[in-house]
Amino acid sequence: MSREVRVRFAPSPTGALHIGGVRTALYNYLFAKKMGGKFLLRIEDTDQNRFVPGAEEYIRESLEWLGISPEESPWNPGDCGPYRQSERKPMYMQYALDLIKNGHAYYAFDTPEELDAMRDRLTAARVVSPQYDSITRTQMRNSLTLPEDEVKQLLESGAHYVIRIKIPRKEEVRLHDMIRGWVMVHSSTLDDKVLMKSDGMPTYHLANIVDDHLMRITHVIRGEEWLPSAPLHVLLYRYLGWEDTMPEFAHLPLLLKPDGNGKLSKRDGDKLGFPVFPINWTDPTTGETASGFREQGYLPDAFLNFLAFLGWNPGDHREIFSLEEMVEAFSIERIGKSGTQFDIAKAKWYNEQYLRAKSNTELAGFVIADAAAEGFEIRHEKAEAIVAFIKERVTFTADLWRESKFMIIAPTSFDAETASKKWSSDAVKVLTNYANSITGFTGTYDAVTAKSMLEASAEAEGIKLGKTMQAVRLAITGMGVGPDLMEVFAILGAKEVASRIEFALATLEVVG
RNA sequence: GGUCGGUUCGUCUAGGGGUUAGGACACGUCCCUUUCACGGAUGAAACACGGGUUCGAUUCCCGUACCGACUACCA
């Protein structure tokens, strides 16, 4: 009988979660859902020094915004708690001790200075990779080299020590990766990694294996930066006697900077001209805020869709996927092997697609809210009408108000370039005539009527309307470009149109 | 330096022993149009290099180059 699929996202709370982490969480989520399994979240806070307050809450809020919250987590525990490694501290030592008992780990008493000295010595002797390994451990102060009673005495006297794994001298370590296939590493290139630190906390490596085992994790889906330590993890499963339930590994290709030069990192902040975080993050020590996709105006579904395609594709030509559709189409086999450069233009395109797919009613809400923030009240019906014909020209929801502003607020100035090129005596004639003709107008002023009346004015003056349209636009909107002008007329209403024309006629002068 | 991983248009990618190497973003041109945008059409644009294997290699193998990750009592 096969086990229930259980995957986990295991961030450490060292600051904001960056989009690479979000993508890892997303793939874990998609895989869990696809397989009818569970998606859990575990906080890996074994490094007390790097803990950043608020980071955990940030992670939670980010995932909630995106709708990919874990089913088991510190704030929603299942039966494998606690879900913070710091709270699991007492659980790890016994496994480290087991390893020592079985001859797969040992105590090491070397001070940081001694370790430095060892590395310096090795470097001076031109050893290619100075490390604490099967060779060097014979010259260090550990339970392998020290007499038994001295080790006992050191331990009893409370001396600082760490527990290191004893990597075999000559052994081919094989590991299977669902994305990369078999990867072979020789144990002689591995070092005796610290498993338990002198503060009594486990390192990532031990804690990760113990917790994945205890939490019955079946698939480890994580970033490629973990590939080099995966052989160590395989060894740990073996020495702990858990090889038969060892999870499958899938190491995800890295998210690269737009120039392809190095992986995207938290420290990139806003330097690249776009956010690297899902939502705003304010650094608790510096107080600086780095922007997030949410605050930049990205829709969660669009952002998710974009992110999913950074390294994965469904194998056909479809590009737009709801979260549910992604779950349906997802498979680890279709994840690529090579690093993926981040291209913000594609993210914008996705946002435009999702924005346009939204109902006018929903979009109207953004315009109303943004206008209200500036003290303008817009009726929902009007907002809907506005949004209906400008939504195809915007990228973000915040653009909606910016693009519709001119329909609420009459222009007080006019684009100089358009004015100098297009404002003509013909335009003045047509507009004067038009203003007069609509002043007493009482019929239905829709786009068609507005246009036929304008055509009539042009004809009455013996002027071709086409030649003056730009000037008309300028008079009404103050700008040279914009959406369909006759629709604008209809939304403004005859009275407002007339009043704007009068203002323009009084303000603009024909040059040349 | 060492270990591991990777390499198809500028970018995300499909494909895979015989293809006009396909799509999307971005870009150019044209059409639509009072402008801009949308939309439609269209164009330019890629198998890193060298050897092998083979009738045939972009695809398989080896090597080289380049890129990246890792190389802490950090994760």
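This one's a predicted model, so the numbers in the text were calculated from it and none came from an experiment. We name chains A, B, ... by the order of the sequence lines, and we start the count at 1 in each one.
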Student: Which letter, B, S or -, goes with each nucleotide of nucleotides 25-31 of chain B from 5' to 3', with contact meaning a protein heavy atom under 4.0 Å?
Tutor: S------
Student: Is any side-chain N or O of A:Ser229 under 3.5 Å from a base N or O of B:C70, one able to act as donor and the other as acceptor?
Tutor: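 No such pair is found, so the answer is no.
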Student: For A:Gly336, which contact category applies under a 4.0 Å heavy-atom criterion: base, sugar-phosphate, or nothing?
Tutor: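 Answer is nothing: A:Gly336 stays at 4.0 Å or more from every strand.
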Student: Rounded to whole angstrom, note down the C1' distance from B:G5 over to B:U20.
Tutor: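 Approximately 35 Å lies between the C1' atom of B:G5 and that of B:U20.
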Student: Over how many whole Å does the gap from A:Tyr350 atom OH to B:C12 atom P extend?
Tutor: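 After rounding, the reported distance stands at 13 Å.
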Student: Roughly how far apart, to the nearest Å, are B:G52 and B:G40 at atom P?
Tutor: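 The same atom, P, in both gives a distance of 49 Å.
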Student: Walk me through whether A:Val497 and A:Ile476 qualify under side-chain contact (heavy atoms from CB on, under 4.5 Å).
Tutor: CA-CA 7 Å; A:Val497 170; A:Ile476 302 302; 3.9 Å; yes
Student: Expressed in angstrom and rounded to an integer, what is the separation of A:Gln341 atom CD from B:U11 atom P?
Tutor: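 Roughly 6 Å, once rounded to whole Å.
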Student: Take atom P in B:C62 and the same atom in B:G23, then report the distance between them in whole Å.
Tutor: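 About 33 Å, rounded to a whole number of Å.
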Student: How close do A:Ala347 and A:Tyr298 get, counting heavy atoms only, and between which atoms?
Tutor: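 Minimum heavy-atom separation between A:Ala347 and A:Tyr298: O-CE2, 3.6 Å.
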Student: Not counting sequence neighbours, list each pair that qualifies as a salt bridge (Lys or Arg N to Asp or Glu O under 4.0 Å) and has a residue in residues 458-486 of chain A.
Tutor: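 Passing the test, one end in residues 458-486 of chain A: no pairs.
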Student: A:Tyr83 and A:Asp211: side-chain donor and acceptor closer than 3.5 Å?
Tutor: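 Distance-only check fails for A:Tyr83 and A:Asp211.
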Student: With A:Asp192 as reference, evaluate A:Arg137, A:Arg164, A:Arg169, A:Lys166 under the salt bridge (charged side-chain N to carboxylate O under 4.0 Å, His left out) test and give the passing residue.
Tutor: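 It is A:Arg137, the one option of A:Arg137, A:Arg164, A:Arg169, A:Lys166 that forms the salt bridge (charged side-chain N to carboxylate O under 4.0 Å, His left out) with A:Asp192.
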Student: Looking for any heavy atom pair under 4.0 Å, which part of the strands does A:Arg180 touch: base, sugar-phosphate only, or nothing?
Tutor: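 Touches sugar-phosphate only.
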Student: A:Lys263 near the nucleic acid: base, sugar-phosphate alone, or nothing, with a heavy-atom cut-off under 4.0 Å?
Tutor: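 The answer is sugar-phosphate, as A:Lys263 gets under 4.0 Å only of primed atoms, P, OP1 or OP2.
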Student: Between B:U3 atom P and A:Leu227 atom CG, what is the distance in whole Å?
Tutor: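 Rounded to whole Å, this separation is 15 Å.
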Student: Tell me which nucleotide, if any, is Watson-Crick or G-U wobble paired with B:C27 when both distances must be under 3.5 Å.
Tutor: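 Partner of B:C27: B:G43.
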Student: Mind checking the P distance from B:U29 to B:G22? Whole angstroms is fine.
Tutor: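 To the nearest whole Å, 23 Å.
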Student: Please state the C1' separation for the pair B:A46 and B:U7 - nearest whole angstrom.
Tutor: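 Here B:A46 and B:U7 have their C1' atoms 12 Å from each other.
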